[in-house]
Amino acid sequence: MAVPVEHRHWHPVALATAVGTAPLAVQLLDQALVLWRDAAGAVQAWADRCPHRGAALSLGCVRGGQLECPYHGWRFAGSGQVVVVPALPDFTPPASHRATVFSCTERHGLVWVRLADDGEAQPPAFAAEDEPRLRKVTCGPYDVATSAPRIVENFLDMAHFGTVHEDWLGDRDHMAVPPYQVQATPTGFLATQCLAWQPKSSLHAQTGAMVEYTYEVNAPYTAVLTKVPDPATVALADFRESIALFVCPVTPESSRVWFRLAMNDFESPDSSLQAFQYTIFTQDQPVLESQRPRRLPISDSAPVQELHCAADRSATAYRRHLRALGITHGVC
Ligand code: FES
Ligand code: CO
């Protein structure tokens, strides 16, 4: 059977700091996973199912750098190999006695998993991550009852600021979205000259102003917004602030979301930056969860078609991007 396209991509599944000494259960594309740290401190992502009798390994524990199943106490090394069967102390388990191990790595403050044996070499890039002049803060997770593509489209959408985020990111008297440019890139697309009126355009602003952004999509469920500094206030805009949206497709109609902020603001505590992001996202969430169908109607033959306007160029580019990847209904 062909490997689903989404299995060939890396997806975020947890905050790196959430994986400690206890096994952690998460889900990706309907696959139950257990995350844990092995003897070397490396994060492991395995099918959350003991190959002996199917118990959830996430109910077990980590002992001496090995994962112990909660049922009969079989112990697994970081390679997935069974190393101890307590009922048979003299038994040396053969190589076939092993857990299902997936590719796993840490990047951008998150744990990333690729379910297919091959596919994309690395998780999606986030250029601002390596810029020391920007401070990094992770916000989330937020669990949302809709498909991952709906959340990406919402992040790319500038036409809802004056309604959903009135007085926060926009207002009803300034809802016009001026024309912007969209160009294909080797891994997705880039939207430039994206202008939005914002009531408080920067930390130092006293009045509303137009703010310019770029939006980049370089993976199925990752998008990056970058603020283009206003030349008039360039002294205040030390460096290009960026926000990455990272979405985990938990199931075809439920998702887990993180934002990675790369900010010039080194003074505010993490908690106030996270509280602002939480406020904005909880304004989006009820609308996102109300959208039907939850799965994005990507293909021309989808049973429900949606209307587009010129302000939706990023969204139509995103749907083209998903189609080009071979994702036709935003599902696994
Ligand atoms: Fe895991 Fe038996 S089910 S050791
Ligand atoms: Co919004």
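Quick caveat: nothing in here was measured; it's all calculated off a predicted structure. One-based numbering, in listed order, for ligands and for the atoms of each. The first residue in the sequence is number 1, and the count goes up from there.
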Would the F161 and W197 ring centres measure less than 6.0 Å apart?
no

Between SG of C69 and SG of C50, what angle is found at atom 1 (Fe) of ligand 1, rounded to 10 degrees?
110°

Parallel under 30°, tilted from 30 to 60°, perpendicular over 60°: which one fits the rings of F246 and H108?
parallel

Classify the angle between the aromatic ring planes of H321 and Y318 as parallel (below 30°), tilted (30 to 60°) or perpendicular (above 60°).
tilted

In this structure, atom 3 (S) of ligand 1 is nearest to the protein heavy atom R53 N, 3.3 Å

State yes or no: are the ring centers of F281 and F259 separated by less than 6.0 Å?
yes

Part of Y71 with heavy atoms under 4.0 Å of ligand 1, whether side chain, backbone, both or neither:
side chain

Answer key: the N, O or S atom of H72 nearest to atom 2 (Fe) of ligand 1 is ND1

Looking at H52 versus Y71, is the centre-to-centre ring distance below 6.0 Å?
no

Can you tell me which N/O/S atom of H52 has the shortest distance to atom 2 (Fe) of ligand 1?
ND1

How wide is the angle at the Co ion (ligand 2) spanned by D284 OD2 and H160 NE2, rounded to 10 degrees?
150°

